[in-house]
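One structure is given below, encoded as structure tokens.
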Amino acid sequence: MSSNVSKSRDKQSLNYIIRSGLAGGFAGCVAKTVVAPLDRVKILFQASNPDFQKYAGSWSGAFRAGRDIYGTNGVRGLFQGHSMTLLRIFPYAAIKFMAYDQVHYILMPTREDETNFRRFAAGSISGIISVFFTYPLEVIRVRMAFRTPTTGDFKNPLASNVFQTLHQMYHERPIEPTPVPQPVPSTRAVPIGTQQILNRFPILKFYRGFTATIIGMIPYAGVSFLSWGYLRARFISYDSKSTPITDLVIGAASGAIAQTASYPFEVIRRRMQVGGITRPDRWLRWGETMGSIWRTSGLRGFYIGLSIGYLKVVPMTAVSFMVWQTGKRVLGV
């Protein structure tokens with residue numbers, strides 16, 4: 001009994017929390033670096049970048065897009081926005097895995113307390129907490145990765161710089177609409193209140209697509225950690241310790257399942273995040289974003305880039321879980 005109490009206190013100690021966060025943050029950085037070129041291509045597909053729509057929809061198109069980026073900007077082009085990714089992913093992954101450890105212990109202090117619903121809840125809660133604190137960094141990263149010669153000033157060497165992107169987003173101003181003889185739905189007047197809110201509270205520009213992210217995070221993080229916990233309980237006995245290979249395989253399966261469940265939300269989120277480029281005067285709403293995707297590509301539009309999503313998320317999640325578990329073993333967590 002005393003040993004269980006001691007273990008409980010250790011899991012909730014500041015030292016344990018810091019070590020857990022370090023293991024999670026390092027795991028996130030390693031995993032994101034492994035798939036950074038695929039991440040760049042996927043963002044360009046999801047956000048319907050005009051320079052890369054001809055490649056969207058197939059695995060071969062993803063490789064051709066990568067070859068095009070490499071031919072134009074070299075390795076640097078494949079890792080465009082990655083500096084922001086690392087700045088974002090370390091606190092994001094640290095908070096997510098640290099929060100998961102704590103929420104998991106609160107909801108499931110023993111193996112007997114584990115249920116699929118509690119695994120899902122623990123994953124969803126930890127994902128929401130991490131997104132809330134790091135979302136502005138995610139928006140900046142997406143904006144940096146979205147830039148191409150058509151959508152951004154590539155001649156300016158500062159165009160892909162973090163602080164340049166931050167400055168541009170903060171000082172975005174509404175574009176004066178072009179007068180038209182008769183109003184049509186696509187150029188409908190924007191409520192002045194939205195413009196005033198964005199100008200008065202510029203920080204809100206860094207939360208474009210936040211609602212879509214939160215709603216999408218629930219199935220993604222929830223299903224990811226649910227699959228992780230279920231498969232570990234199914235194939236690893238309580239008294240045994242997992243190996244890096246086992247963690248890699250279970251992590252890959254968890255990533256594939258979670259990606260399938262949450263992908264439409266991710267597409268909507270990307271469109272809303274880059275809305276500052278196409279519509280800097282206001283937020284893009286859920287309804288119009290979904291309607292635009294449906295009119296352009298139908299149901300298929302909500303799954304555009306899914307194949308490259310698997311190509312990216314499966315190894316990323318596998319490496320992330322494996323490095324997280326290895327880091328915890330090294331740090332004694």
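Residues take their numbers from the sequence shown, with the count starting at 1. In what follows, every heavy atom counts, from backbone to side chain, and hydrogens, waters and symmetry copies are set aside.
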Less than 3.5 Å apart, which donor and acceptor atoms pair up between the side chains of residues 226-235 and the rest of the protein, not counting sequence neighbours?
{"from": "Ser227", "atom 1": "OG", "to": "Val223", "atom 2": "O", "distance (Å)": "2.8"}
{"from": "Arg232", "atom 1": "NH1", "to": "Ser242", "atom 2": "OG", "distance (Å)": "3.3"}
{"from": "Arg232", "atom 1": "NH1", "to": "Asp247", "atom 2": "OD1", "distance (Å)": "3.1"}

Please name all residues satisfying side-chain contact (heavy atoms from CB on, under 4.5 Å) with Phe90, sequence neighbours left out, ordered by chain then number.
Leu22, Cys29

Approximate separation, where rounding is to 0.5 Å, of Leu306 CG and Arg300 CZ:
11.0 Å

Any chance you could lay out the side-chain contact (heavy atoms from CB on, under 4.5 Å) test for Tyr310 and Thr260, step after step, and finish with the verdict?
CA-CA 8 Å; Tyr310 286 132; Thr260 304; 2.5 Å; yes

How long is the gap from CD1 on Ile125 to CD1 on Ile106, to the nearest 0.5 Å?
8.5 Å

Check the angle between the aromatic planes of His82 and Phe79 and answer parallel, tilted or perpendicular using the 30° and 60° thresholds.
perpendicular

Distance (rounded to the nearest 0.5 Å) between Asp101 CG and Ser126 OG
9.5 Å

Might you work through the side-chain hydrogen bond (donor to acceptor under 3.5 Å, both in side chains) test for Arg76 and Asn73, ending with a clear yes or no?
CA-CA 6 Å; Arg76 183 178 180 182; Asn73 299 288; over 6 Å; no

Between Thr246, Leu248, Thr243, which is the residue that forms a side-chain contact (heavy atoms from CB on, under 4.5 Å) with Met322?
Leu248

Is the distance from the ring center of Tyr92 to that of Phe97 below 6.0 Å?
no

Report yes or no: do Phe120 and Ile129 belong to one cluster of Ile/Leu/Val/Met/Phe/Trp/Tyr joined by side chain heavy-atom distances under 4.5 Å?
yes

Can you tell me if Arg40 uses its side chain to pair, donor with acceptor, with the backbone of Gly77 under 3.5 Å?
yes

Tyr263 and Tyr303 aromatic ring geometry - parallel, tilted or perpendicular at 30°/60° bounds
parallel

